[in-house]
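Worksheet: one structure, shown below.
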Protein chains: 2
Amino acid sequence: MTRKQEIIDTAKTLFRERGYKSVSMRDLAKVIDFKAASLYNHISSKEEILAEIVLDVARYFTHEMNIIKSLNVDAKTQLEGVIKHHVDLTINNPEAIAILNNDWMHLEGKHLEDFKMMRDTYENDLRSIITQGIEHKEIAFQNIDIILFSLLSTLRTLHLWYRKRSDLSENDLKKDITDILLKGILVKS
Amino acid sequence: MTRKQEIIDTAKTLFRERGYKSVSMRDLAKVIDFKAASLYNHISSKEEILAEIVLDVARYFTHEMNIIKSLNVDAKTQLEGVIKHHVDLTINNPEAIAILNNDWMHLEGKHLEDFKMMRDTYENDLRSIITQGIEHKEIAFQNIDIILFSLLSTLRTLHLWYRKRSDLSENDLKKDITDILLKGILVKS
DNA sequence: GTCTATACCCTGATAGAC
DNA sequence: GTCTATCAGGGTATAGAC
């Protein structure tokens, strides 16, 4: 692991616990037994650390969504795929998801622009899947935005709950979350 | 409106937009055409402003939950009541809900303790309602914590979505949210 | 690549004149 | 009750020795 990666990993933990704005470069340096000035040999600014954390996850979500879109399967299967990769990421990188949720607003300039673009594209792609599901009568409930909102609310805050209930196996979690999110949406078959 | 209330109302807007830690007392003072020092004639610290905002909402939720518990109605009706007062508060005080979600961790001492106590009590009350619903066969899905999590995730982040879709009437929002949250949980009748 | 020293600015908060 | 002046501390970041 490079020094830069060590800095980012440490920042992930601290940013999640206390929030980006509440963690100083001195705090960060202390954890890895450095002086704050030394951090700047590996990163160019505090905001760069935030951007690496947040944009990395955002790119991952974008990538996964593109795979799902390319599969040419029905809406239900696509939604299952979306839920699956949210759960995967929640388990493998909960800090990054928490930071993305809470501190994306502290990105600056092009980082902020890129983030918003990826987020909006992701939401639009998901909306398209839902619309398709309604057209093909796979989805019963008619209000597209409410479905979109309800799905994303649950998936984006999953990390808060997995923390308390990490005794749940990955597979059980996937099954239960998929059940509760889709059974209310899908036409009973 | 007292001066103190004016300060708190202004803080609500700023804290929501930029986060508690990113808003300085000078920022706050500037908006209401004050010098920062003058704020301290009305409030004793920055954290007191946060506490007033957050604990106010927390007390409101606690109060509403106590009313619902006292009603002696079935679980479905109780859940509808919970959803209703979340929607009410989202429409009437979205800033406070956003700040509660994002910045409660910056409360200190007794304020922090009180907040956590009220939050935990609320979650336990809601869990009891769900448990009761399962026992009385009103609720089909069996995993109590997943139901609790899914409900609260959606209700707590409703403010993010109402902002974008404030064209929705209050009643339509209540109906649609109640539908999507309960139809997946309740036994088809 | 890490350190010490430090620049420069912003922070919450207080003292005391008016 | 508002102001000016100020304090003590902490923020990000850089310069330059080693």
Side-chain angles (χ1 to χ4, degrees), chain A residues 1-55 95 99 102-112 115, chain B residues 1-55 95 99-100 102-113 115:
Chain A
M1 186 158 65
T2 66
R3 220 65 312 182
K4 178 169 177 176
Q5 199 53 51
E6 188 185 359
I7 293 170
I8 291 175
D9 284 352
T10 307
K12 270 190 196 171
T13 306
L14 295 185
F15 289 174
R16 181 199 196 172
E17 292 306 325
R18 313 193 329 234
Y20 172 72
K21 281 283 180 182
S22 296
V23 176
S24 73
M25 295 302 272
R26 293 190 237 265
D27 293 335
L28 185 46
K30 193 173 285 176
V31 174
I32 52 182
D33 226 44
F34 257 41
K35 296 298 169 184
S38 306
L39 298 173
Y40 290 88
N41 282 309
H42 306 282
I43 49 98
S44 67
S45 73
K46 187 186 177 190
E47 192 265 351
E48 191 206 325
I49 301 177
L50 179 66
E52 293 248 5
I53 295 170
V54 172
L55 293 183
E95 299 88 358
I99 296 165
N102 298 328
D103 290 316
W104 65 266
M105 62 176 59
H106 299 118
L107 291 170
E108 294 164 20
K110 188 166 182 330
H111 292 151
L112 183 58
F115 171 78
Chain B
M1 184 159 65
T2 65
R3 213 89 284 197
K4 179 169 177 176
Q5 199 53 52
E6 188 186 0
I7 292 169
I8 290 175
D9 284 352
T10 308
K12 269 190 197 173
T13 306
L14 294 184
F15 289 174
R16 181 201 196 171
E17 292 305 326
R18 306 182 350 220
Y20 173 72
K21 283 283 180 180
S22 297
V23 176
S24 73
M25 295 301 272
R26 287 169 176 82
D27 293 336
L28 184 46
K30 192 172 287 176
V31 173
I32 53 183
D33 226 45
F34 257 43
K35 296 297 169 185
S38 307
L39 298 173
Y40 290 88
N41 281 310
H42 306 281
I43 48 100
S44 68
S45 70
K46 188 186 176 189
E47 193 266 351
E48 190 207 325
I49 301 176
L50 180 65
E52 292 248 4
I53 295 170
V54 172
L55 293 181
E95 299 88 358
I99 296 165
L100 181 148
N102 298 329
D103 290 316
W104 66 266
M105 61 177 60
H106 300 117
L107 291 171
E108 294 164 20
K110 189 166 182 329
H111 292 150
L112 183 58
E113 269 179 53
F115 171 78

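Being a predicted model, the structure only gives us computed values, none of them experimental. Here is the naming used below: chain letters follow the sequence lines, and residue numbers restart at 1 for every chain.
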Has the side chain of B/R3 got a donor or acceptor that lies under 3.5 Å from a partner of the other kind on the base of D/dG1? no

Check: A/R26 side chain, D/dG11 base, donor-acceptor under 3.5 Å: yes

How many Å lie between [atom1] on [X] and [atom2] on [N], as a whole number?
{"X": "B/M25", "N": "D/dA8", "atom1": "CE", "atom2": "P", "result": "20 Å"}
{"X": "A/H42", "N": "D/dA13", "atom1": "NE2", "atom2": "P", "result": "15 Å"}
{"X": "B/K35", "N": "C/dT11", "atom1": "NZ", "atom2": "C1'", "result": "17 Å"}
{"X": "A/E48", "N": "D/dT14", "atom1": "CD", "atom2": "P", "result": "12 Å"}
{"X": "B/D27", "N": "C/dA13", "atom1": "CG", "atom2": "C1'", "result": "16 Å"}
{"X": "B/E47", "N": "C/dT11", "atom1": "CD", "atom2": "P", "result": "18 Å"}
{"X": "A/D33", "N": "C/dC3", "atom1": "CG", "atom2": "C1'", "result": "13 Å"}
{"X": "A/Y40", "N": "D/dG16", "atom1": "OH", "atom2": "P", "result": "18 Å"}

Does a side-chain N or O from A/S24 land closer than 4.0 Å to OP1 or OP2 of D/dG11, or not? yes

Comparing nearest nucleotides in DNA chain C, the 5'-proximal residue of the pair B/Y20, A/F34 is A/F34

Check ion pair B/R3-B/E6 (N to O, under 4.0 angstrom): yes

So, do [X] and [Y] sit near enough that their side-chain heavy atoms are less than 4.5 Å apart?
{"X": "A/K46", "Y": "A/L28", "result": "no"}
{"X": "A/M1", "Y": "A/D9", "result": "yes"}
{"X": "B/K30", "Y": "B/L14", "result": "no"}

Using a 4.0 Å heavy-atom cut-off across all strands, classify B/K46 as base, sugar-phosphate, or nothing. sugar-phosphate

Under 4.0 angstrom, heavy atoms only, what part of the nucleic acid is A/S38 near: base, sugar-phosphate, or nothing? base

Nearest of C/dA15, D/dA13, D/dT14 to any side-chain atom of A/S45? D/dA13

Measure up the B/F15 and B/Y20 rings against each other and bin them: parallel (under 30°), tilted (30 to 60°), perpendicular (over 60°). perpendicular

